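Down below is the structure, laid out as structure tokens.
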Amino acid sequence: MIESLSVEWKVFVNVYIENGKVFKVEFSKNPVEEKFVSTTAKMLKKDLEKYFSGRRVDFRKYDVDLRVSSFVKSVLEIVKNIPYGKVVTYGYLARILKTSPRAIGIALKLNPVPVIIPCHRVVAKDGLGGFSAGVWIKRELLKLEGATFLSQQL
DNA sequence: GACGACTTGTTAT
DNA sequence: ATAACAAGTCGTC
């Protein structure tokens with residue numbers, strides 16, 4: 001059974017959970033109708049509210065259901081472990097996985113669970129890089145976390 | 001700073 | 001199977 005919840009921030013952040021696993025997070029102009037009962041969902045809602053109020057949260061404790069290719073999964077598994085407030089580049093991940101920065105960008109675009117898997121913490125060598133929901137959201141997320149070495153262009 | 005070449009997984013043809 | 005595309009990067013002007 002599928003649960004849904006919504007948190008308001010700059011936009012609405014809608015989250016979908018199935019069998020205790022988060023499988024989709026979306027940024028939207030409108031909230032989703034909330035239907036959740038599990039302790040996981042309740043805890044996640046509180047954590048999201050805490051996170052968007054600017055406090056440190058580690059989302060690694062949540063299980064995710066990644067319905068993506070094995071390549072994308074391998075990228076996201078690494079990104080999931082980038083700590084709060086820290087930032088790496090596309091090129092850095094490319095070197096780890098022996099692929100191209102371009103391919104890393106594609107994989108991140110396919111991340112079904114932004115925020116939970118913090119793809120916003122991956123930036124370009126000389127700038128912010130892209131973000132499918134809008135670069136301004138990426139900028140606000142990094143601002144929220146106080147990500148350091150980008151402060152000039154934030 | 002702008003531009004082209006190179007890259008590589010995904011997507012469309 | 002093949003070509004076009006993209007959330008990048010590097011060398012050159």
Side-chain angles (χ1 to χ4, degrees), chain A residues 2-19 21-32 44-45 47-154:
Chain A
I2 293 183
E3 299 179 281
S4 57
L5 64 92
S6 194
V7 174
E8 185 169 11
W9 177 52
K10 310 275 180 192
V11 294
F12 288 98
V13 182
N14 302 330
V15 182
Y16 302 86
I17 302 169
E18 185 171 29
N19 300 324
K21 293 186 174 185
V22 186
F23 70 93
K24 183 177 174 188
V25 174
E26 65 186 8
F27 295 97
S28 169
K29 270 182 63 179
N30 305 107
V32 68
L44 180 53
K45 169 135 186 168
D47 267 350
L48 286 168
E49 286 168 343
K50 180 178 169 186
Y51 176 76
F52 287 118
S53 75
R55 292 192 289 156
R56 187 188 194 96
V57 174
D58 185 350
F59 289 108
R60 278 179 295 188
K61 59 190 166 189
Y62 293 99
D63 285 329
V64 290
D65 181 7
L66 293 177
R67 303 168 182 179
V68 296
S69 72
S70 61
F71 172 74
V72 174
K73 198 174 291 187
S74 67
V75 175
L76 296 182
E77 287 299 333
I78 296 178
V79 172
K80 194 161 192 265
N81 287 304
I82 302 174
Y84 185 95
K86 177 146 189 236
V87 160
V88 304
T89 65
Y90 298 96
Y92 170 80
L93 295 175
R95 284 194 298 278
I96 292 179
L97 292 174
K98 302 204 163 49
T99 181
S100 77
R102 198 88 230 218
I104 298 292
I106 297 295
L108 265 36
K109 178 171 65 176
L110 297 174
N111 175 16
V113 289
V115 181
I116 305 299
I117 293 184
C119 56
H120 58 279
R121 295 181 192 144
V122 184
V123 299
K125 189 197 172 192
D126 50 6
L128 262 186
F131 200 70
S132 35
V135 183
W136 71 273
I137 293 184
K138 186 175 189 174
R139 183 169 19 247
E140 292 297 333
L141 287 170
L142 290 172
K143 237 193 258 182
L144 186 71
E145 296 187 11
T148 49
F149 82 84
L150 284 177
S151 49
Q152 297 203 351
Q153 39 219 326
L154 288 178

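Given the structure is predicted, the values throughout are model-derived calculations rather than measurements. First the proteins, then the strands, lettered A, B, ... as listed; each starts at 1. Heavy-atom basis, side chains included; hydrogens, waters and symmetry copies ignored.
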* Asked: Of the non-hydrogen atoms in Tyr90(A) and Gly129(A), which two are nearest, and what is the gap between them?
  -> OH-CA, 3.9 Å
* Asked: What integer distance in Å separates Ile96(A):CD1 from dT8(B):P?
  -> 16 Å
* Checking all strands, does Val72(A) fall into the base, sugar-phosphate, or nothing category for heavy-atom contacts under 4.0 angstrom? -> sugar-phosphate
* Asked: Given atom NZ of Lys73(A) and atom P of dT10(B), what is their separation to the nearest angstrom?
  -> 12 Å
* Cationic N near anionic O, under 4.0 Å, Glu26(A) to Lys24(A) -> yes
* Crowding at CZ, Phe12(A) (>12 non-hydrogen neighbours, <6.0 Å) -> yes
* How are the rings of Phe27(A) and Trp9(A) set to each other: parallel, tilted or perpendicular (split at 30° and 60°)? -> tilted
* **Minimum-distance nucleotide to Ile106(A) side chain [options: dG9(B), dT11(B), dT7(B)]** => dG9(B)
* Asked: What does Phe131(A) touch in the nucleic acid at a heavy-atom separation under 4.0 angstrom: a base, only the sugar-phosphate, or nothing?
  -> base
* Asked: Mind checking who dT8(B) pairs with, Watson-Crick or G-U wobble, both distances under 3.5 Å?
  -> dA6(C)
* Please work out if Leu110(A) contacts a base, only the sugar-phosphate, or nothing of the nucleic acid, heavy-atom cut-off 4.0 Å. => sugar-phosphate
* Asked: Taking all atoms of both residues into account, what is the closest heavy-atom pair of Asn111(A) and Ile117(A), and its distance?
  -> ND2-O, 3.0 Å
* **Lys NZ or Arg CZ of Arg67(A) over Phe23(A) ring: under 6.0 Å, within 45°** => yes
* Below 4.0 Å: OP1/OP2 of dG9(B) and any side-chain N or O of Thr99(A) -> yes
* Along DNA chain C, first and last positions that approach a heavy atom of chain A under 4.0 Å -> dA6(C) to dC10(C)
